[in-house]
Trainee: 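First the structure, which I've put down as C-alpha cells, then a few questions once you've had a look.
Counting starts at 1 for both ligands and their atoms, in listed order.
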Amino acid sequence: MPLSRKPGGGEAARTACIRTFGCQMNVHDSDRMRRMLLDAGYAEVQRYEDADLVILNTCYVRENAVNRIRGHLGELNRLRREGRVKKIALTGCIGASDEAAELQEQYGIDLVLGTHNTYELAEFIGLPTMEETYTPELPGVEGQKSAFLTIMTGCNYRCSYCVVPRVRGRMVCRPLENVLGEVRRLVRSGTNYVTLLGQTVDAWRHEGRRFCDLLEAVAEEAPRVWFTTSHPSNMEDRTLRAIGERGTIVKKLHLPVQSGSDRMLRMMHRGYKADRYRRKIEVFREHVPDGTLSTDIIVGHPGETESDHEATLKLIEDCQFDSAYIFKFSPRRGTEAAGMQDVVPPDVVQRRFLEVLRAVEQSAFRRNQRKVGGVEEVYIRHGRADSGRAVGETWSGHAVHVDTDAAPGEYVRARIESAGPHVLYAGRPL
Ligand code: SAM
Ligand code: SF4
C-alpha cells in the first residue's frame, strides 16, 4: 500500500500491521486507526514479521477471545526478541477490559487503548495536533465503495451476559446533522453503500428526533443504506415500514432475540417478551415481504432448562430466520451471568447448539430455495469466494456468489441458479 506521507526527513518507511478480531464496530475502529497510520507515514503490511508496529484490535465478547489474543501476543513477543517487530499495541474491547493491565505487564505491550480513546494512537505514532485531527467521531473510510458510519457508541442496557456496557460505556448519540454531513462527504468521495453502526442503533435519539428520522434522512442521501445492530425493545413499526418503502434501504433486518423463553429473557434483562418479538417480525414480514431476517441467539445461559430451549426452537420455527449468529454462553468477568448458579453442562450446551443451528439452517435453506430461478440485481461487494466468484448482495439482503468480473460497488443482474443455507449462487450476468 502506498504511503500517503513520509515521516519527516526522508527516514526509512515505517510499517504497521493491524489485525482485527470481532464485530463490525471493531472493523470500523481498525479503519480509523489505519487512516491515522497512513497519515503518519506508515505503510500497511499483512504479516507480523514485516511490521514495525503491530496493532491487535480485539474483541472481548467470548471467553476464548482472551486466550486467542494471548496466543498472538506470545508470537509477537518472540518476533520482538528477534528484532523483527518493534512495538506492540493492544486496542479494542480487551484493551478496555480488566485483563488489560495484566496482559500489558505479562507481554510488555507498548500501548494499550480502550474503545473510547482509540484516537490516542495518533499521539503514539507521532501525529501532531491529534486531538483536533482525530476526535472519537472519526469519519468512516472515504474513497471506498462501502463505508461504516458510527451513529452511536456505548449501550444503556445491562444484559446479564454482556461486557459491552462495561467496555464501551453508556450510549452517546451523534447529532443528526453531523451524521448527514459525513454521509454527504462519503458519497461525494465515491462511497455508494453506507452502513450505520452502533450496539443498539434503533435506540438512537437526538433533540427530539429518533432513529427512523435519521434512517430516512440518510436514505435520501446515500444510494444504498443498511444499519446494525438493533434492539427489539427500541425497534419501531415505522422503521420496519420504512425498510419496505424506501428504495435505497437494503431490505435486511438484524434483530437479536437471544432466547425464545420469557423466563430467560427476563433473566437476561432484555426488556421484551418472545411474543412482542414475534409481533415485530410479523410487521417486518408484512411490510418487507421479500426481506431477510437475521438474529443472535445465546445457547446455554445459566439457568436455561430444556423447556426454555424448546421455546427457542419454537420461536425459530415461528420467525423463519434467514440466518442467525448462534453463541454458546460464555461467562464474561464482571457480568451478572458470570456469577450465576445453574451452569448448563457443556455436553448439553453442545447438543442445544446443534439443534438451534439445524433449525435455523432448515428455515434459511427453505427460504433461499424460493429465490432459485429468479433474476436479481446484485451489488458487488469486496472480496471473492473460494470458488473465485464475486461476492454480492441482493436488495433483499441475500448474499450471492456471482460469476462476474464486475468491480466492487457495481451492480449486475443475474439469475439465481442454486442456493444453500447461507448463500445464493448466480451464473454470468444477463
Ligand atoms: N447489542 C446487540 C444486542 O443487544 O443484540 C448485540 C451486541 S453483542 C456484541 C453480539 C452478540 O454476542 C449478542 O447479541 C449475543 O448474542 C452475543 N453475546 C454477547 N455476550 C455473550 C456471552 N457472554 N456469551 C455468549 N454470547 C454472547
Ligand atoms: Fe450487550 Fe446488546 Fe445487551 Fe447492550 S443491548 S448490553 S450491547 S447485548
Trainee: Nearest protein heavy atom to atom 27 (C) of ligand 1, by residue and atom, and its distance?
Mentor: I298 CD1, 3.7 Å
Trainee: Which of the atoms of ligand 2 are close to H231, meaning less than 4.0 Å from one of its heavy atoms?
Mentor: 5 (S)
Trainee: Would you say that more than 12 heavy atoms from the other residues, nucleotides or ligands in this model lie under 6.0 Å from the CZ of R210, or not?
Mentor: no
Trainee: Considering only non-hydrogen protein atoms, determine which one is nearest to atom 18 (N) of ligand 1 and report residue, atom name and distance to 0.1 Å.
Mentor: V61 CG1, 3.6 Å
Trainee: Is it the case that R174 places NZ or CZ above or below the six-membered ring of W204, under 6.0 angstrom from the centre and within 45 degrees of the axis?
Mentor: no
Trainee: Among protein heavy atoms, which sits nearest to atom 26 (N) of ligand 1, and what does the distance come to when rounded to 0.1 Å?
Mentor: F327 CB, 3.3 Å
Trainee: Using 30° and 60° as the class limits, which term best fits the ring planes of Y277 and F321: parallel, tilted or perpendicular?
Mentor: tilted
Trainee: Going by the order shown, which atoms of ligand 2 are within less than 4.0 Å of some heavy atom of R270?
Mentor: 3 (Fe), 5 (S), 8 (S)
Trainee: How about Y157 and H231: are their ring centres within less than 6.0 Å of each other?
Mentor: yes
Trainee: Determine, for Y60 and R333, whether the Lys NZ or Arg CZ falls below 6.0 Å from the six-membered ring centre while staying within 45 degrees of the axis.
Mentor: no
Trainee: Under 4.0 angstrom from ligand 1, any heavy atom of K328?
Mentor: yes
Trainee: Is atom 4 (Fe) of ligand 2 less than 2.8 Å from an N/O/S atom of C155, whether that atom is in the backbone or a side chain?
Mentor: yes
Trainee: Between C162 and atom 1 (Fe) of ligand 2, is there a contact where an N/O/S atom of the residue lies under 2.8 Å from the metal?
Mentor: yes
Trainee: Counting the benzene-type ring for Trp, do F211 and F227 have ring centres under 6.0 Å apart?
Mentor: yes
Trainee: Below 3.5 angstrom, do we get any N/O pair linking S330 and ligand 1?
Mentor: yes
Trainee: Numbering the atoms of ligand 1 from 1, which are under 4.0 Å from a heavy atom of Y161?
Mentor: 19 (C), 20 (N), 21 (C), 22 (C), 23 (N)
Trainee: Give the contacting part of Q258 toward ligand 2: side chain, backbone, both or neither, where contact means a heavy-atom distance below 4.0 Å.
Mentor: neither
Trainee: Please report which non-hydrogen protein atom sits nearest to atom 8 (S) of ligand 1, along with the residue it belongs to and the distance in Å to one decimal place.
Mentor: Q199 OE1, 4.4 Å
Trainee: Q258 heavy atoms, cut-off 4.0 Å: which ligand 1 atoms fall inside?
Mentor: 5 (O), 13 (C), 14 (O), 15 (C), 16 (O)
Trainee: Any heavy atom of H269 closer to ligand 2 than 4.0 angstrom?
Mentor: no
Trainee: I'd like to check whether R270 has a polar contact with ligand 1, where a contact means an N/O of the residue lying under 3.5 Å from an N/O of the ligand.
Mentor: yes
Trainee: Distance check, rounded to the nearest 0.5 Å: N178 atom CG versus I151 atom CD1?
Mentor: 11.5 Å
Trainee: Any N/O/S atom of C159 sitting less than 2.8 Å from atom 3 (Fe) of ligand 2, backbone or side chain?
Mentor: yes
Trainee: Looking at atom 8 (S) of ligand 2, what's its closest protein heavy atom, distance included?
Mentor: Y161 OH, 3.4 Å
Trainee: Return the minimal non-hydrogen interatomic distance between T15 and D50, and the atom names on each side.
Mentor: OG1-O, 2.8 Å
Trainee: Where is the tightest heavy-atom contact between T153 and T150, given as atom of each residue plus distance?
Mentor: CG2-CG2, 3.8 Å
Trainee: What's the shortest heavy-atom distance between E393 and K252, and which atoms?
Mentor: OE2-NZ, 2.8 Å
Trainee: If you draw a 6.0 Å radius around CD in E105, do more than 12 non-hydrogen atoms from other residues or ligands fall strictly inside?
Mentor: no
Trainee: Would you kindly specify which portion of P165 sits under 4.0 Å from ligand 2, judged on non-hydrogen atoms: side chain, backbone, both or neither?
Mentor: side chain
Trainee: Compute the shortest N/O to N/O distance between R332 and ligand 1 and return yes if it is under 3.5 Å, no if not.
Mentor: no
Trainee: Distance to 0.1 Å, residue and atom name: give those for the protein heavy atom nearest to atom 11 (C) of ligand 1.
Mentor: D296 OD2, 3.3 Å
Trainee: Out of all atoms in ligand 1, which are within 4.0 Å of some heavy atom of F329? Include the element for each.
Mentor: 24 (N), 25 (C)
Trainee: Which pair of heavy atoms, one from Y379 and one from K145, lies closest together, and at what distance?
Mentor: OH-O, 3.7 Å
Trainee: Please check if the distance between the ring centroids of Y325 and H254 is under 6.0 Å.
Mentor: yes
